[in-house]
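Here is how names work: the chains are called A, B, and so on, in the same order as the sequence lines, proteins then strands, and each is numbered from 1.
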Protein chains: 2
Amino acid sequence: MDLRKQRVLEALIDDYIATAEPVGSRTLARKYALGVSSATIRNEMADLEDLGFLEQPHTSAGRIPSDKGYRYYVDQIMKPAPLVQAERERIRHAYQVRVRELHWFIHQTARLVSELTQYPSLVVAPPVEQSALTDLSFIPLGDSTVLMVLKTSGGMVENQTFLLPEEFDAQKLASLAQDFTREFRGVAIQELKHRILDPLQGDINRYQELWQLALKWVTGQDSEEDKVSLAGPLNILNYPEFRDVDKVRRVLGFLEKETALQLVSRTESEGVQVVIGAESLLDDIQDCSLVTATYRVGADVVGHLMVLGPRRMQYGRVMSIVQAVSDELTRVLHG
Amino acid sequence: MDLRKQRVLEALIDDYIATAEPVGSRTLARKYALGVSSATIRNEMADLEDLGFLEQPHTSAGRIPSDKGYRYYVDQIMKPAPLVQAERERIRHAYQVRVRELHWFIHQTARLVSELTQYPSLVVAPPVEQSALTDLSFIPLGDSTVLMVLKTSGGMVENQTFLLPEEFDAQKLASLAQDFTREFRGVAIQELKHRILDPLQGDINRYQELWQLALKWVTGQDSEEDKVSLAGPLNILNYPEFRDVDKVRRVLGFLEKETALQLVSRTESEGVQVVIGAESLLDDIQDCSLVTATYRVGADVVGHLMVLGPRRMQYGRVMSIVQAVSDELTRVLHG
DNA sequence: ATTTAGCACTCTTGATGCGAGAGTGCTAAA
DNA sequence: TTTAGCACTCTCGCATCAAGAGTGCTAAAT
């Protein structure tokens with residue numbers, strides 16, 4: 001794999017990403033200053049095909065990159081595309097307004113990323129259970145309904161209205177919330193489950209029904225849609241590889257199913273990751289690529305961020321954007 | 001327009017709705033018990049075409065209904081399809097859990113409707129400005145941020161966190177909220193704008209900056225996405241008339257643009273409305289139909305509910321569902 | 001007067017064939 | 001080792017053709 005092969009591979013992939021058409025030796029010789037004739041390039045291309053970096057859709061078309069070709073391109077050749085000033089500012093400004101509501105953050109982030117990249121984007125919130133309780137309060141709304149406001153260790157606030165199982169007056173509610181907060185401050189949400197059921201908990205224990213209800217909401221929210229946000233799914237309609245409706249359906253189906261969530265949540269390693277085509281082992285997105293990143297809220301509770309596009313994705317650009325956004329998100333959520 | 005013509009028209013439309021294929025006289029004679037031969041049906045079909053109820057894609061295909069044909073079908077022939085038990089229960093149960101958050105209601109409704117109908121559905125919340133303030137309170141979250149909780153006349157609760165323009169301690173905030181509530185209870189949100197700026201308002205007036213900020217959020221939310229919820233857009237991919245990606249893009253673009261919102265909000269009349277094909281005068285949805293309904297919250301503040309599908313929509317079913325859901329919604333929001 | 005059978009006519013659809021164009025691989029010369 | 005030249009292959013678009021579906025019209029039947 002000498003330098004010239006790399007050059008040819010790079011030029012070919014760049015061209016294919018730009019045009020979505022198989023690239024021939026003549027095109028490469030004409031459009032890119034490789035300093036050699038098309039015949040030479042032809043030979044190099046044949047070698048690259050033998051090495052498994054390129055494929056030929058049919059005998060007499062140009063060539064297109066294989067998964068392995070893209071992989072080499074991403075790992076060895078390509079440089080992350082620097083963001084322009086406007087984009088950096090956009091990212092910085094995205095989180096300056098409202099604050100502290102996790103679901104707002106993930107919505108905002110998903111939209112931001114999909115607008116910057118022009119690909120669909122999916123953002124997964126960190127699991128609530130892992131964060132610790134900081135404060136709980138109730139706001140009575142009348143008619144046995146109450147707004148429960150929960151502050152967690154990451155500085156986030158979750159709130160939800162729900163029906164009370166029995167009548168409480170405002171004062172009683174306030175004192176209940178106080179007792180609860182005093183007792184359980186710093187305890188992880190997932191731990192609360194057991195603590196609430198603990199018969200030794202005295203007064204807290206007397207209102208088990210209430211707490212269980214509350215708990216159900218908090219953790220129930222987990223399995224809900226609040227946890228994951230999808231933005232810009234229709235962007236994929238803009239790419240010619242998705243002119244087939246069945247393909248669109250499969251891919252968007254993947255994004256809406258839990259498969260996407262599982263796939264992305266399984267990733268342990270930090271930083272930007274790229275999954276190309278069949279590497280995902282998922283039939284539905286055989287000819288898509290994914291770029292994922294993680295972000296942190298508080299200490300080490302992590303969320304995930306993902307961009308899905310055609311295999312000929314603008315890797316450099318997307319990786320830079322995803323990196324910048326996840327950095328910014330981590331920064332903002334830490335303060 | 002004698003009875004037999006109606007029968008033929010009905011059979012033809014039913015068949016076309018089921019198959020999406022142009023319908024020929026032979027098919028009608030065979031599948032539907034019309035009691036006459038295909039030749040007779042052929043004559044009737046020719047008449048129906050002259051009357052403008054049918055069209056021929058080309059000389060030797062069967063016929064398909066025109067907009068006028070569908071219109072006649074909807075207005076004169078078709079009966080609303082009764083819902084099955086399971087569907088009625090589904091609708092009743094949909095709103096039993098969480099309560100009082102308007103944006104939750106519209107999300108829930110959109111999803112419910114699109115799942116029942118298998119078409120995309122759009123739900124528009126009633127304009128916040130028209131409802132009156134009932135109660136305002138603050139929950140301090142530390143670091144100059146606060147959760148503002150606003151109760152409105154419809155019994156709805158809006159809440160949002162935001163940054164305080166200056167430092168307030170908890171007590172001061174509580175008293176501010178009390179003053180504000182006392183002063184403005186029953187005033188319409190849109191009216192608040194002027195009242196807050198009124199220099200005669202004494203103490204309230206001293207914290208103009210705070211109130212303006214708060215107001216900006218409440219009414220700003222109006223132009224935001226919280227106001228409208230789209231569910232099941234991908235359902236249209238299941239219908240053969242949308243095998244063309246460009247068409248899909250146009251139609252889904254329409255749903256995401258403000259056009260849809262404007263169109264539906266312009267409707268004054270109550271009850272279920274049907275817009276067929278070109279009747280909408282919008283190029284992007286030339287071969288789609290819309291079924292819309294209104295719902296009320298409180299006295300006469302209304303929201304809208306809309307289903308979009310191909311022209312050969314299952315009108316009877318969709319109209320029943322939309323009717324039932326909007327009734328239920330109105331009922332729940334009234335209590 | 002209506003309904004129906006029969007039939008010629010029209011138009012789509014799918015298969016087949018053909019030429020143009022693009023791109024390759026190979027050979028031989030530079 | 002590179003390059004020019006050329007034969008070869010395969011797709012794509014276009015035209016042609018037969019089959020099939022459905023119609024409209026005419027004439028017979030009810």
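- Contacts of B:Y16 classified as side chain to side chain donor-acceptor pair (under 3.5 Å), with partners at least two apart in sequence or in another chain: none.
- Remark: B:D246 engages B:D244, B:R249, B:R250 in a side chain to side chain contact (heavy atoms under 4.5 Å, CB included) (not counting sequence neighbours).
- When distances are taken from the side chain of B:S60 to each of C:dG25, D:dG24, D:dA21, the shortest belongs to D:dA21.
- Per the geometry, CE belonging to A:M45 stands 14 Å off P belonging to C:dC26, to the nearest Å.
- Not one side-chain nitrogen or oxygen of B:R26 sits closer than 4.0 Å to the OP1 or OP2 atom of D:dT23.
- Between the side chains of B:Q118 and B:S114, not a single donor N or O lies within less than 3.5 Å of an accepting N or O.
- Spacing between atom CG of B:L28 and atom C1' of D:dT23 amounts to 13 Å, rounded to whole angstrom units.
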Given Watson-Crick and G-U pairs under 3.5 Å, DNA chain C in dot-bracket ([ ] crossing, | other strand) is ||||||||||||||||||||||||||||||

Expected rows: protein N/O vs nucleotides 1-5 of chain C N/O, under 3.5 Å:
residue: C:dT3; atom: OP1; partner: B:R4; partner atom: NH1; Å: 2.8
residue: C:dT3; atom: OP2; partner: B:R4; partner atom: NH2; Å: 3.1
residue: C:dT4; atom: OP2; partner: B:S37; partner atom: N; Å: 3.0
residue: C:dT4; atom: OP2; partner: B:S37; partner atom: OG; Å: 3.3
residue: C:dT4; atom: OP2; partner: B:T40; partner atom: OG1; Å: 2.3
residue: C:dT4; atom: O5'; partner: B:S37; partner atom: OG; Å: 3.3

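- Residues satisfying the side chain to side chain contact (heavy atoms under 4.5 Å, CB included) criterion with B:D15, sequence neighbours excluded, are B:T19, B:V23, B:T27, B:K31, B:Y32.
- Atom P of nucleotide C:dC11 and atom CD of B:E21 are separated by 20 Å, given to the nearest angstrom.
- Counting only heavy atoms from C-beta outward, the side chains of B:K5 and B:L9 never approach each other to under 4.5 Å.
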Would A:T294 and A:L305 count as a side chain to side chain contact (heavy atoms under 4.5 Å, CB included) here? Give the steps. CA-CA 6 Å; A:T294 58; A:L305 196 160; over 6 Å; no

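- Looking only at atom types and distance, the side chain of A:E10 has no donor-acceptor partner in the side chain of A:Q6 under 3.5 Å away.
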Original post:
Going through the distances and angles, do A:E44 and A:R7 end up as a salt bridge (Lys or Arg N to Asp or Glu O under 4.0 Å)?
Top reply: CA-CA 10 Å; A:E44 295 288 28; A:R7 284 269 171 72; over 6 Å; no

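- Side-chain N/O atoms of A:R63 include one lying less than 4.0 angstrom from OP1 or OP2 on C:dG25.
- A 4.5 Å side-chain heavy-atom check between B:M319 and B:P80 finds every atom pair outside the cut-off.
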Ring pair (Phe, Tyr, Trp, His ring centres under 6.0 Å) between B:Y70 and B:F53: does it pass, once the steps are laid out? CA-CA 8 Å; B:Y70 283 121; B:F53 293 118; over 10 Å; no

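- For B:S25, a side-chain nitrogen or oxygen approaches OP1 or OP2 of D:dT23 to under 4.0 Å.
- Spacing between atom NE2 of A:H58 and atom C1' of C:dG25 amounts to 15 Å, rounded to whole angstrom units.
- Among A:D284, A:D287, A:L308, the one residue that satisfies the side chain to side chain contact (heavy atoms under 4.5 Å, CB included) test with A:V251 is A:L308.
- Contacts of residues 49-57 of chain B with DNA chain D (heavy atom under 4.0 Å): B:Q56.
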